[in-house]
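The structure presented is a predicted model; accordingly, all values stated were derived computationally and were not measured. Labels below follow one simple rule: chain letters A, B, ... track the order of the sequence lines, proteins then strands, and each chain is numbered from 1.
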Protein chains: 2
Amino acid sequence: MDPHLLRTYVTVARLASFSEAARELGYTQSAVSQHIAALEQDLGAPLLTRRPVAPTAAGERLLEHAGPLLLRLDAARADVVRMAAAPAHGLTLATTPTALGPGVLGALPAAGVTLRVLTRDEIPAAVATGTADLGLVDGLAAPSDPLRLPDVAPLTTHGVAEEPVSVLLPTGHPLAGRTGLRLGDLADARWLDAPDAALPLAHLRGANGGGAFRPALRYEGTDLRTLTALTAAGHGLTLLPRSTATGIPGTVAVALTAPRVVHRTELLHGGAPRGAAAEVVRQLVERA
Amino acid sequence: MDPHLLRTYVTVARLASFSEAARELGYTQSAVSQHIAALEQDLGAPLLTRRPVAPTAAGERLLEHAGPLLLRLDAARADVVRMAAAPAHGLTLATTPTALGPGVLGALPAAGVTLRVLTRDEIPAAVATGTADLGLVDGLAAPSDPLRLPDVAPLTTHGVAEEPVSVLLPTGHPLAGRTGLRLGDLADARWLDAPDAALPLAHLRGANGGGAFRPALRYEGTDLRTLTALTAAGHGLTLLPRSTATGIPGTVAVALTAPRVVHRTELLHGGAPRGAAAEVVRQLVERA
DNA sequence: CCACTCCATCAGCACTGCTTATCGAGCATG
DNA sequence: CATGCTCGATAAGCAGTGCTGATGGAGTGG
């Protein structure tokens, strides 16, 4: 199971074409064909149907494995190379939209920082492969419980902040006057399902006792402003950390009192942060 | 980064010898030397010091990556091959000592079952690589919260049982008469640290509020009987699921009332269980 | 019915990756 | 201080892998 073969397999599956994959990978069509044949012979099972080109059941299974595998491979290479290479003078920080609190911003150096707003899942991958030097992820958790992160690579995590969670409601909402809300009060509410911009409702699945939420509208993207505009317009409620939920025009933020979860943000980095990254880590961890 | 090179690297690091590694891998010493040289050139950093042979800082880092990586690779191969191969007539079930409740035993077929008691960490690996068809893992969790399992491969999990947690005390213990115990009552107690046989105390780290436990004796192994004998002899307390904690000579089981955690056991399997395994999965999942 | 696209297959060739053989450095021994 | 031994690096040689370019057969649209 050569990673090269795996890589051509996933591109063939993605493009649904041997020739296209060959073009993208810089091989001849013949080579791609041989790669797939080699893989199929090695594993003893057909992976693709030809005409049309589509993964078989076994091939689907392999695809599920291939992504994380190639990611880990990249991560390993990046991690080792990072140890040897000179520390870059810049600093790249990957973050979710809701993880970047004022405390973190204060710890960043004045110049030379690149900020990159990504999806929750993309951040560990970015840090592992060296696309970003540091990562900030957030999510809902029981107080002082660590977040559940996909372990794409051996990364180091530090909790850097915890704060209460708020429900964002449009100003006219019947519950907008409350001082606190229990999740049970909101069982029948319409929610915005915005896993990448706000706090994902899926995190509450366990605490909720099995009752599924009714997502009114699914929002894919990382822009908080349009998301809050959607709740202001009455398209559904949103879960946000308190500090980012307050002061948004057309909305009211009400504290979530039950279940007892907090918005937790954690700092991620690879093996040995160097240069500016090390400095930021030191400052943030010392404070916590 | 050929997996072959990675494999020889880890064996060289493990054996601290090029020649020994060559013997174990069935290569010549020359080949091993060339493998390491190729890896070092590819990554642009020395990975091993020679004389004595030991990993450098970068090499240590690579070692951390290599294990999970090779494991995932095996898992991927096993998973795909499993789809194509005929369903084995036997059934191998990997389990922790405390996960095997009476409910599970009832669902097993009368003959053809191999039971394999392993460490918590070994079970996902065994299921992923096909060493076992099914796995049972257990641990402490908030009610109806899933366990935190290392994701070595895309595995499917089903919760199959939850039950209260008990503290196992020697009969003469001052707290043995209680009907329920809070963790705070036991802050000064001596605990047996037996992560592979009993429930690992580390799982309570978060709920405990930061106070570390004092492990009196560390027990490595998966035999429950000698472990319970140790607590009976007063060497320290043990955390067990209620059903396995009751009726052990020389000990008393007292319910743990706070924090509110349960002993949860989950069933693990790869992509598509076949034959006898599928039947067991169906039965256990339907019941839950 | 023909032209075209797409994947499989074949032949040829360069190069990789192994082996055997040899060397040099470190280390113990007499 | 010389000698023998172990261990890893290096050189040369050779077989097999893995690529390219060319050709063939199957399906598809005009």
Can you find a side-chain donor-acceptor pair between B:Thr129 and B:Asp74 that sits under 3.5 Å?
no
Looking only at the side chains, is there a donor atom on one of B:Ser30 and B:Gln34 sitting less than 3.5 Å from an acceptor on the other?
yes
note: B:Gln29, atom CD; C:dA21, atom P; distance rounded to Å ~ 14 Å
Heavy atoms of chain B, cut-off under 4.0 Å: which first and last nucleotide of DNA chain D, 5' to 3', fall inside that, if you could look?
D:dC7 to D:dA11
Could one point to a donor on the side chain of A:Ser30 or the base of C:dT9 with an acceptor on the other under 3.5 Å away?
yes
Tell me what A:Val53 touches on the nucleic acid: a base, only sugar-phosphate, or nothing, going by heavy atoms under 4.0 Å.
sugar-phosphate
Between the side chains of B:Glu279 and B:Arg274, is the shortest nitrogen-to-carboxylate-oxygen separation below 4.0 Å, so that they form an ion pair?
no
Nucleotide C:dT9, atom P - distance to CD1 of A:Ile36 in whole Å
13 Å
Do B:His269 and B:Asp133 have a side chain donor and acceptor closer than 3.5 Å?
no
Residue pair B:Arg23/B:Ala37 against DNA chain D: nearer the 5' end by closest nucleotide is B:Arg23
When you measure from the side chain of B:Gln283 to the backbone N and O of B:Val280, does any donor-acceptor pair fall under 3.5 Å?
no
Could you give me the CA-CA distance, side-chain angles and deciding distance for A:Arg120 and A:Leu199, then say whether side-chain contact (heavy atoms from CB on, under 4.5 Å) is met?
CA-CA 10 Å; A:Arg120 277 191 178 71; A:Leu199 298 175; 3.5 Å; yes
Grab the N/O contacts between the protein and nucleotides 14-18 of chain C below 3.5 Å, and write none if there aren't any.
residue	atom	partner	partner atom	Å
C:dC18	OP1	B:His35	NE2	3.3
C:dC18	OP2	B:His35	NE2	2.8

Would you mind checking if B:Glu266 and B:Arg148 are paired as a salt bridge, meaning a charged N to carboxylate O distance below 4.0 Å?
no
Polar contact flag, side-chain donor to acceptor under 3.5 angstrom, A:Thr222-A:Asp196
no
